[in-house]
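All values derive from a computational prediction rather than experimental measurement.
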Number of protein chains: 2
Amino acid sequence: MATGSIDRRVARTRRLLQEALFELTAENGYAAVTVEDICGRADVGRSTFYTHYPDKDSLRKAAIEEHLEAMRLEGDAGDTKPSSGGFAFSGPAFAHADATRMMHRAMMGGKNHEIPEEIRDWIGKQVRHELTGIVGKDAIGLEVATRFVTGAFLEVMHWWLDADAGLPPAEIDRLFQALAFDGTRRMLTSPE
Amino acid sequence: MATGSIDRRVARTRRLLQEALFELTAENGYAAVTVEDICGRADVGRSTFYTHYPDKDSLRKAAIEEHLEAMRLEGDAGDTKPSSGGFAFSGPAFAHADATRMMHRAMMGGKNHEIPEEIRDWIGKQVRHELTGIVGKDAIGLEVATRFVTGAFLEVMHWWLDADAGLPPAEIDRLFQALAFDGTRRMLTSPE
DNA sequence: TATGATATCGGACACGGTGTCCAGTATCAC
DNA sequence: GTGATACTGGACACCGTGTCCGATATCATA
């Protein structure tokens, strides 16, 4: 096969570098991580790093894109069921994040909320797609609603991964969807 | 007066440094700004910078805290009217941001969403305070709702400052509050 | 206006991280 | 086995940081 013809050494090195990045980001935050740190943790020569990625940002970007791709394939297998009156993206996202919690904690920016642009854009795209045609034809309204839900989701996800309050993914998703669809006012009457 | 006894030179230097930081952040993003850049733009010796602030982060932190303090004093003058069934913090925040748009664009992290911890915490505090006692006694629910609204607000504010779609502050506040209180579902029936 | 206090300047310094290059060595695919 | 390819480790120039210090400019005050 053509795509699979990746030298074992290359695959191994990239895997080690990505893992090191995730660990160090979760520990100290993305900004504090240096290429030297990454290579040290991965036990990879620094010059080797630069044969694979031009800089730290490229490593993260590549890691995230591979990961989003994997998630997309997962999503294709199971049914995304965009019906049932809820957001389709959030449930799988919470579930997937729960499965590989540490990695996601790093990808969400560690303690410092340094959420990568790729993730924000991806979530935004899902939200916009699911809101389109539902929120009326007002372009401004759609845009504001998209930003609103995207920001809310990322913040809730970040808190959920970080605080580790023992909330199962299904539960946090239920809370998120309730807030997104019915707002905070409803929590006034139905005390849950 | 004791507080006012600040050497003109000191006041001038700090003002120049803060302005330079705002400008450069708005132009290139906070991470890309160097102390050298700041001093160059402010026309201040680099060694002088370090007599005032230990590093770049301290400068931003100081600038933000002064600004939040100014906003707090403003808020004390006018009535915050926490009644009327809406969030009290968002209206003044949008209005204030509109008045000093460039500065706020920088404080919200420029293009890269590098929102300072001080601002996120401050907004979070306002939201938690206003939600307390309204969202039932469930601690988890309160926390999730707080994060939800905080993230949503920051993202909407960021978009509004950046996109410059000509939306007046009162209008963006109305949209935000509608989403926060009644959710997205309601926009289905009432097309606005 | 004179004077002492203090802020600013600018240049030097060591330090740490970046990104590039290359020759030598280890590992791969076939 | 053999040729191709990846990894290593060390050197290099570069840039930004944070510190220090003597010289100069500006301040508050008498």
Side-chain angles (χ1 to χ4, degrees), chain A residues 1-63 66 106 109-110 112 114 116, chain B residues 1-63 66 106 109-110 112 114 116:
Chain A
M1 56 182 81
T3 317
S5 70
I6 300 174
D7 197 310
R8 287 177 208 165
R9 293 168 292 180
V10 174
R12 179 187 131 92
T13 298
R14 292 189 182 164
R15 181 177 49 79
L16 289 173
L17 288 175
Q18 293 189 8
E19 288 172 2
L21 175 65
F22 288 148
E23 290 178 23
L24 292 167
T25 300
E27 290 169 17
N28 313 318
Y30 178 71
V33 178
T34 71
V35 174
E36 286 188 337
D37 292 340
I38 298 170
C39 294
R41 177 68 63 100
D43 200 25
V44 162
R46 202 165 66 87
S47 57
T48 302
F49 178 97
Y50 289 105
T51 68
H52 291 276
Y53 308 100
D55 51 34
K56 191 178 66 159
D57 286 333
S58 299
L59 169 58
R60 179 164 77 161
K61 189 175 179 186
E66 288 176 25
N112 297 30
E114 300 150 320
Chain B
M1 57 181 82
T3 317
S5 70
I6 300 175
D7 196 310
R8 286 178 208 166
R9 294 168 291 181
V10 174
R12 179 187 130 92
T13 298
R14 293 189 181 162
R15 180 177 51 78
L16 289 173
L17 289 175
Q18 293 189 6
E19 287 172 1
L21 174 65
F22 289 147
E23 289 178 24
L24 293 167
T25 299
E27 290 170 18
N28 313 318
Y30 178 71
V33 178
T34 71
V35 174
E36 286 189 336
D37 292 339
I38 298 169
C39 294
R41 178 68 63 100
D43 199 27
V44 162
R46 202 166 64 87
S47 57
T48 302
F49 177 98
Y50 290 105
T51 67
H52 291 276
Y53 307 101
D55 52 33
K56 190 177 67 158
D57 286 333
S58 299
L59 169 58
R60 179 164 76 160
K61 189 175 177 185
E66 288 177 24
N112 297 30
E114 301 150 318

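A salt bridge does not link B/Arg60 with B/Glu114: none of the charged nitrogens is closer than 4.0 Å to a carboxylate oxygen.
Atom CG in A/Asp55 sits roughly 16 Å away from atom C1' in D/dC15 (whole-Å rounding). Taking atom CG of residue B/Asp7 and atom C1' of nucleotide D/dC27, one finds them 5 Å apart after rounding to whole Å. Put simply, CZ on B/Phe49 is 15 Å from P on D/dG16, counting in whole angstrom units. As rounded to whole Å, 16 Å separates atom C1' of D/dG16 from atom CG of B/Leu59. Between the CG atom of A/Leu17 and the P atom of D/dA6 there is a distance of 15 Å, given to the nearest Å. When the P atom of C/dT8 is taken as reference, atom CZ of B/Arg12 falls 9 Å away, rounded to whole Å. Between the OH atom of A/Tyr53 and the P atom of C/dT18 there is a distance of 16 Å, given to the nearest Å. The nearest whole Å value for the distance from the NZ atom in B/Lys56 to the P atom in D/dT17 is 7 Å.
A/Gln18 places none of its side-chain heavy atoms less than 4.5 Å from the side chain of A/Arg15. Residues A/Ile38 and A/Leu17 form a side-chain contact, since some pair of their non-hydrogen atoms from C-beta on lies under 4.5 Å apart. The side-chain heavy atoms of B/Thr51 and B/Thr48, taken from C-beta on, include a pair separated by under 4.5 Å. B/Arg14 has its side chain out of reach of B/Glu66: every pair of non-hydrogen atoms, C-beta onward, lies at least 4.5 Å apart.
OP1 and OP2 of D/dA6 both lie 4.0 Å or more from every side-chain N or O belonging to A/Thr13. A close approach under 4.0 Å does not occur between any side-chain nitrogen or oxygen of B/Thr48 and OP1 or OP2 of C/dA7. Between C/dA29 and A/Arg8, a contact under 4.0 Å exists linking OP1 or OP2 to a side-chain N or O. Contact annotation: A/Tyr50 side-chain N/O to C/dT20 OP1/OP2 distance is not under 4.0 Å.
A cation-pi contact, defined as under 6.0 Å to the ring centre and within 45° of the axis, is absent between A/Lys61 and A/Tyr53.
Closest to the side chain of B/Ser47, from the set C/dG10, D/dG9, D/dC7, is C/dG10. You'll find that the side chain of A/His52 is closest to D/dC7, out of C/dT8, D/dC7, C/dA7.
Side-chain atoms of A/Arg9 and base atoms of D/dT5 include a donor and an acceptor less than 3.5 Å apart.
Only A/Thr34, A/Val35, A/Glu36, A/Arg46, listed by number, bring a heavy atom of residues 26-46 of chain A to less than 4.0 angstrom from any atom of DNA chain C.
Looking only at distances, a side-chain donor or acceptor of B/Lys56 sits under 3.5 Å from a matching main-chain atom of B/Tyr30.
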